[in-house]
Amino acid sequence: MQVYTSAPDGTGKFPAVIVLQEAFGVNGHIRGIADRIAKEGYVTIAPELFHRTAPIGFESGYTDFEVLKPHFQGITVEGLTADLKACYDWTQQQANVNNAKVGSIGFCLGGRVSFLANMVLPLSAAVSYYGGGSGALADRANELHGAQLFFWGGLDKHIPQEQIDTVIAALKKADKPYANVVISYADHAFNCDERPSYNKKAATEAWAMSLAFLKNNLG
């Protein structure tokens with residue numbers, strides 16, 4: 001599995017963040033997010049989640065749904081769990097990582113995978129942006145390790161409100177720490193400045209909260 005990594009300047013031990021892709025691969029946007037988080041003082045790793053079916057370095061355009069469809073359909077919870085554990089193991093082997101402080105952040109597909117990561121890894125925090133399909137994991141909410149932050153777009157037609165309600169109800173029932181943010185004026189993928197749905201105001205606000213959430217939980 002190929003990964004993209006980035007690290008802060010300087011020496012010492014830093015918290016680590018696993019950065020989880022949208023459906024379009026570990027493209028320039030995702031690599032840029034990994035770099036931005038690294039500049040905030042975190043070692044980052046972004047795995048190519050389609051590595052079992054796609055060539056190394058796979059990327060697709062934002063409208064090439066038929067191209068990415070077989071790869072999207074080829075992922076499984078079991079496979080993703082193995083990928084996440086491999087990333088976590090990598091963080092534990094790095095001399096510049098504080099082994100006790102690892103988190104995750106993901107977008108779209110990666111938002112759901114970040115939610116899963118918090119279940120299968122001993123994370124201190126996880127951030128999920130508009131994670132479609134997260135409702136399918138709701139019955140595992142009692143497995144969450146760290147605090148969980150969700151962002152959703154109020155204009156998002158891809159993720160029904162019922163799914164969000166299912167996820168939040170499960171966290172409440174499991175008595176797990178979470179923050180749930182619905183930005184009423186934002187659509188799906190509001191954080192991606194390479195897509196028409198980009199909303200600078202929403203992205204800026206969500207990013208600031210994401211950094212504060214990571215800082216509070218990872219240091």
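All values derive from a computational prediction rather than experimental measurement. If you read the sequence from its start, that first residue is 1, and numbering goes on from there.
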With Thr81, the side-chain contact (heavy atoms from CB on, under 4.5 Å) member among Val113, Leu116, Thr76: Leu116
Minimum-distance pair of heavy atoms, taken over all atoms of Arg195 and Ala189: NH1-CB, 3.3 Å
Interatomic distance, Leu218 atom CG to Phe213 atom CZ [nearest 0.5 angstrom]: 9.0 Å
Donor-acceptor under 3.5 Å (Gln148 side chain, Asn118 main chain): no
ILVMFWY cluster, Val182 and Tyr198 together (side-chain gap under 4.5 Å): no
Residue pair His71 / Thr53, side-chain donor-acceptor N/O under 3.5 Å: yes
Distance, nearest 0.5 Å, that separates NE2 of His29 from SG of Cys192: 4.0 Å
Side-chain H-bond candidate by donor/acceptor type, Tyr4 with Asn27, under 3.5 Å: no
Distance-only donor-acceptor check, side chains Asp187 and His158, under 3.5 Å: no
Main-chain N/O of Lys200 paired with Thr204 side-chain donor or acceptor, under 3.5 Å: yes
Hphob cluster co-occupancy, Phe72 + Leu80, side-chain heavy atoms under 4.5 angstrom: yes
Residue pair Gln163 / Gly133: nearest heavy atoms and the distance that separates them: OE1-N, 2.7 Å
From Asn99 atom CG to Gln92 atom CD, the distance as rounded to the nearest 0.5 Å: 4.0 Å
Evaluation steps, side-chain contact (heavy atoms from CB on, under 4.5 Å), between Ser128 and Arg112: CA-CA 7 Å; Ser128 295; Arg112 170 163 54 96; over 6 Å; no
Atom of Ala7, atom of Asn96 and distance for their closest heavy-atom approach: CB-ND2, 4.0 Å
Working for side-chain contact (heavy atoms from CB on, under 4.5 Å), residues Ile18 and Leu121: CA-CA 11 Å; Ile18 302 170; Leu121 304 176; 3.8 Å; yes
Nearest-0.5 Å distance, CZ of residue Phe14 to OG1 of residue Thr91: 14.5 Å
Under-4.0 Å salt bridge between Glu205 and Lys201: yes
pair Ile105-Ile37: side-chain heavy atoms closer than 4.5 Å: yes
Test applied, side-chain contact (heavy atoms from CB on, under 4.5 Å); reference residue, Trp152; option that passes from Ile183, Val181, Ile159: Ile159
Geometric class of the Phe150/Phe115 ring pair [parallel <30°, tilted 30-60°, perpendicular >60°]: perpendicular
Side-chain touch Ile33/Asn191, heavy atoms, less than 4.5 angstrom: yes
Minimum side-chain heavy-atom gap Pro8-Val43 below 4.5 Å: yes
Nearest heavy atoms of Ile30 and Gly25, plus distance in Å: CG1-O, 3.8 Å
Distance-only side-chain donor-acceptor flag, Asn217 / Ser124, under 3.5 Å: no
Heavy-atom neighbours of Asp89 CG exceed 12 at 6.0 Å: yes
Expected output: side-chain Asp64 to main-chain Gly61 donor-acceptor under 3.5 Å: yes
Chi angles and distances behind the ring pair (Phe, Tyr, Trp, His ring centres under 6.0 Å) call for Phe151, Tyr129: CA-CA 5 Å; Phe151 290 106; Tyr129 280 68; 4.7 Å; yes
Hydrophobic cluster membership, Val167 vs Val120, 4.5 Å side-chain cutoff: yes
Distance (rounded to the nearest 0.5 Å) between Ile45 CD1 and Trp90 CH2: 5.0 Å
Working for salt bridge (Lys or Arg N to Asp or Glu O under 4.0 Å), residues Asp83 and Arg52: CA-CA 10 Å; Asp83 297 344; Arg52 290 176 178 81; 3.0 Å; yes
Within-4.5 Å side-chain heavy-atom neighbours: Thr166 and Ser134: no
Side-chain heavy atoms of Asn142 within contact of Lys173, under 4.5 Å: no
Among Leu155, Asn199, Asp156, side-chain contact (heavy atoms from CB on, under 4.5 Å) partner for Phe190: Asn199
Pair Val26-Arg31, side-chain contact (heavy atoms from CB on, under 4.5 Å): steps then yes or no: CA-CA 6 Å; Val26 181; Arg31 296 192 299 271; 3.9 Å; yes
Side-chain (Glu22) to main-chain (Gly110) donor-acceptor, under 3.5 angstrom: no
Side-chain heavy atoms of Phe65 within contact of Phe24, under 4.5 Å: yes
Flag side-chain contact, heavy atom, 4.5 Å: Tyr42 against Arg36: no
From CA spacing to verdict: side-chain contact (heavy atoms from CB on, under 4.5 Å), Met209, Leu149: CA-CA 9 Å; Met209 186 170 181; Leu149 171 59; 3.8 Å; yes
Student check: side-chain heavy atoms of Met1 and Pro47 closer than 4.5 Å: yes
Smallest separation among heavy atoms of Ala117 and Ser104, with atom names: CB-OG, 4.0 Å
Shortest non-hydrogen separation from Asp35 to Ser6 and the atoms involved: OD1-OG, 2.9 Å
Steps toward salt bridge (Lys or Arg N to Asp or Glu O under 4.0 Å) verdict (Lys176, Glu143): CA-CA 9 Å; Lys176 297 294 184 177; Glu143 299 176 38; over 6 Å; no
Lys13 atom NZ, over 12 foreign heavy atoms within 6.0 Å: yes
Backbone N/O of Ala38 and side chain of Thr44: donor-acceptor pair under 3.5 Å: no
Ring geometry between Tyr130 and Phe107 (parallel below 30°, tilted from 30 to 60°, perpendicular above 60°): tilted
Pairwise distance CG(Leu49) to CD(Gln21) - rounded to 0.5 angstrom: 4.0 Å
